[in-house]
Amino acid sequence: MINIKTITTEETYDIRKEVLRKNIPLPFEFNGDLDEDTFHLGAFKNNKLIAVSSFMKVKKENFKGEQFQLRGMATLDKFQGIGAGKLMMEKAFSILKELNIDCLWCNARIIAVNFYEKQGLETIGEKFDIAFIGEHYVMFKYLN
Ligand SMILES: CC(C)(COP(=O)(O)OP(=O)(O)OC[C@H]1O[C@@H](n2cnc3c(N)ncnc32)[C@H](O)[C@@H]1OP(=O)(O)O)[C@@H](O)C(=O)NCCC(=O)NCCS
């Protein structure tokens, strides 16, 4: 069984480093990590943290209303595909709806686009490159 809980910024770091920053010379700490509105979710299996994600109040010109950006979505390799990512997204949707947030968006790596589509997000605009990581799409979902 997988449980989703809010976690601290520091608790996200090991999985960010392992899954998102291996051989990538970019910081594992993000602008906004410690902002008052930011929250971080962790997925736990048998009390072990297996996946993390972070949600920050960041506006993007493409979208209307109150917006949050999803960053640092990562599941440890050997625990991918067992529902941790989906459960974190569902928890985030419910928290964001409670906060009356209109739109969740993210910069999605190409390999994760299908995962986000399954969670109801859609792409907007052209592919773009982020140095050291590769091609991304902006993806979004209106929540209300
Ligand atoms: C993308 C990622 C976060 C998904 O997390 P996860 O915990 O493995 O996802 P889940 O097990 O909850 O999968 C939910 C659904 O998405 C599917 N899915 C998961 N990863 C997928 C992928 N990369 N491509 C296509 N489908 C995917 C699963 O098969 C599952 O489908 P189902 O609901 O029909 O059974 C994880 O694979 C990961 O950490 N990848 C490497 C880092 C990364 O790319 N992060 C995103 C940065 S933008």
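Since this is a predicted model, take the numbers as computed values, not measurements. Indexing begins at 1, ligand by ligand and atom by atom, following the structure's order.
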How far does [atom1] of [X] sit from [atom2] of [Y], to the nearest 0.5 angstrom?
{"X": "L70", "Y": "W105", "atom1": "CG", "atom2": "CH2", "answer": "9.5 Å"}
{"X": "F79", "Y": "I2", "atom1": "CZ", "atom2": "CD1", "answer": "9.0 Å"}
{"X": "F68", "Y": "L99", "atom1": "CZ", "atom2": "CG", "answer": "6.0 Å"}

* Asked: Once the angle between the rings of Y142 and F63 is folded into 0 to 90°, is it parallel (under 30°), tilted (30 to 60°) or perpendicular (over 60°)?
  ->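 Perpendicular: the ring planes of Y142 and F63 meet at over 60°.
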What I want to know is whether [X] and ligand 1 share at least one N or O pair that is separated by under 3.5 angstrom.
{"X": "F79", "value": "no"}
{"X": "G85", "value": "yes"}
{"X": "A108", "value": "no"}
{"X": "M73", "value": "yes"}

Do [X] and [Y] share a hydrophobic cluster (ILVMFWY, side-chain heavy atoms under 4.5 Å, transitive)?
{"X": "F93", "Y": "M88", "result": "yes"}
{"X": "F30", "Y": "V58", "result": "yes"}
{"X": "L121", "Y": "Y137", "result": "yes"}

Would you say [X] has more than 12 foreign heavy atoms packed within less than 6.0 Å of its [atom1]?
{"X": "K97", "atom1": "NZ", "result": "no"}
{"X": "N31", "atom1": "CG", "result": "no"}
{"X": "E10", "atom1": "CD", "result": "yes"}

Please write down residue, atom name and distance for the protein heavy atom closest to [atom].
{"atom": "atom 25 (C) of ligand 1", "answer": "N114 CB, 3.4 Å"}
{"atom": "atom 16 (O) of ligand 1", "answer": "F115 CD1, 3.5 Å"}
{"atom": "atom 5 (O) of ligand 1", "answer": "T75 OG1, 3.3 Å"}
{"atom": "atom 23 (N) of ligand 1", "answer": "I111 O, 2.8 Å"}
{"atom": "atom 40 (N) of ligand 1", "answer": "Q80 NE2, 3.5 Å"}
{"atom": "atom 28 (C) of ligand 1", "answer": "K118 NZ, 4.5 Å"}

* Where's the contact between I82 and ligand 1, heavy-atom distance under 4.0 Å: side chain, backbone, both or neither? -> backbone
Per-atom contacts, ligand 1 versus [X] - under 4.0 Å to a heavy atom:
{"X": "A112", "value": "46 (C)"}
{"X": "V19", "value": "39 (O), 41 (C), 42 (C)"}
{"X": "Y116", "value": "46 (C), 48 (S)"}
{"X": "K86", "value": "12 (O), 14 (C)"}
{"X": "G81", "value": "6 (P), 8 (O), 11 (O)"}
{"X": "R109", "value": "44 (O), 47 (C), 48 (S)"}
{"X": "A74", "value": "39 (O)"}
{"X": "N107", "value": "48 (S)"}

* To do: Test E36 against K57 for salt bridge (Lys or Arg N to Asp or Glu O under 4.0 Å), laying out the working first.
  => CA-CA 9 Å; E36 203 183 330; K57 198 166 193 179; over 6 Å; no
* To do: Report yes or no: does G83 have a heavy atom closer than 4.0 Å to ligand 1?
  => yes
* To do: Please state whether L87 comes within less than 4.0 angstrom of ligand 1, counting heavy atoms only.
  => no
* May I ask whether atom 35 (O) of ligand 1 is less than 4.0 Å from at least one protein heavy atom? =>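 False for atom 35 (O) of ligand 1.
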* Among Q69, R71, R16, find the one that has a side chain to side chain donor-acceptor pair (under 3.5 Å) with S54. =>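 When Q69, R71, R16 are each tested with S54, the side chain to side chain donor-acceptor pair (under 3.5 Å) holds only for R16.
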* Look at the side chain of K91 and the backbone N and O of K86, then say whether any donor-acceptor pair between them is shorter than 3.5 Å. => no
